[in-house]
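Shown next, in structure tokens, is the structure this report addresses.
The model shown is predicted, which means the values in this text are computed figures rather than measured ones.
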Amino acid sequence: MRELEKLANKHKIWEWEGSYSNDKVFDDDSWSFSMRFGNGDKVSAYGYMASPTGFREGIKDFLSLFEEKSARTTEKANELLETIERRQS
């Protein structure tokens, strides 16, 4: 979880708190973001066609981290399955 906290600090997500909107656009996406820190603090933000400064870059970094963790978890699971198969043969 340290990596997650590092990203949170890098992108200053505590400044994302609140709601964001663009009343001039009526046909696009909305989003929401929520994160609870180890000390119990929480950041919640949502928006429609608007976002805080640095939001896109921050979300890209979070998604990259999750994809990396997922790939490593999948790799470890596959290694475990291969080990089990070898032992059962």
Side-chain angles (χ1 to χ4, degrees):
M1 288 300 160
R2 300 280 312 153
E3 294 166 272
L4 206 53
E5 288 182 15
K6 284 180 185 177
L7 282 180
N9 288 326
K10 173 184 174 184
H11 293 287
K12 301 177 184 175
I13 67 162
W14 56 89
E15 294 178 2
W16 295 1
E17 184 74 31
S19 64
Y20 301 82
S21 64
N22 180 344
D23 297 333
K24 296 177 184 174
V25 179
F26 300 105
D27 63 347
D28 216 337
D29 295 328
S30 60
W31 58 269
S32 65
F33 177 88
S34 181
M35 183 174 183
R36 185 176 305 274
F37 296 90
N39 66 1
D41 289 347
K42 182 178 178 183
V43 173
S44 294
Y46 57 93
Y48 176 75
M49 286 309 303
S51 57
T53 302
F55 181 76
R56 291 180 193 270
E57 295 81 8
I59 293 300
K60 285 179 185 178
D61 279 355
F62 283 117
L63 289 174
S64 292
L65 176 63
F66 297 146
E67 287 172 2
E68 178 185 313
K69 294 283 186 190
S70 176
R72 279 193 258 160
T73 300
T74 300
E75 184 179 316
K76 287 181 180 181
N78 288 335
E79 289 172 4
L80 178 61
L81 290 173
E82 288 174 11
T83 301
I84 291 169
E85 281 183 28
R86 280 193 306 267
R87 288 181 181 168
Q88 290 178 345
S89 303

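The structure places OG1 of T74 at 11.0 Å from CD of E79, a figure rounded to the nearest 0.5 Å. The CG atom of L81 lies 11.0 Å from the CZ atom of R86; values are rounded to the nearest 0.5 Å. Taking CG of L7 as the start and OG of S64 as the end, the distance is 9.0 Å to the nearest 0.5 Å. To the nearest 0.5 Å, atoms CD (E85) and CG (N78) are separated by 10.0 Å.
Of all non-hydrogen atoms in W31 and A50, the two that sit nearest each other are NE1-O, 2.8 Å. Shortest non-hydrogen contact noted between A45 and Y20 is CB-CE1, 4.4 Å.
Placement of Y46 and V43 in two distinct hydrophobic clusters is found when ILVMFWY residues are connected by side-chain heavy-atom separations under 4.5 Å, directly or transitively.
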Please tabulate, for the side chains in residues 9-18, all donor-acceptor contacts under 3.5 angstrom to protein atoms that are two or more places apart in sequence or on a different chain.
unit_1, atom_1, unit_2, atom_2, d
N9, ND2, E5, O, 3.3
K10, NZ, D61, OD2, 3.1
H11, NE2, D61, OD2, 2.6
E17, OE1, S44, N, 3.0

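Side-chain contact between S21 and M49: absent, with no pair of heavy atoms (C-beta onward) separated by less than 4.5 Å.
Atom CZ of R56 has 12 or fewer neighbouring heavy atoms from other residues, nucleotides or ligands inside a 6.0 Å radius.
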Verdict with supporting geometry, F62 and L4, side chain to side chain contact (heavy atoms under 4.5 Å, CB included): CA-CA 7 Å; F62 283 117; L4 206 53; 3.5 Å; yes
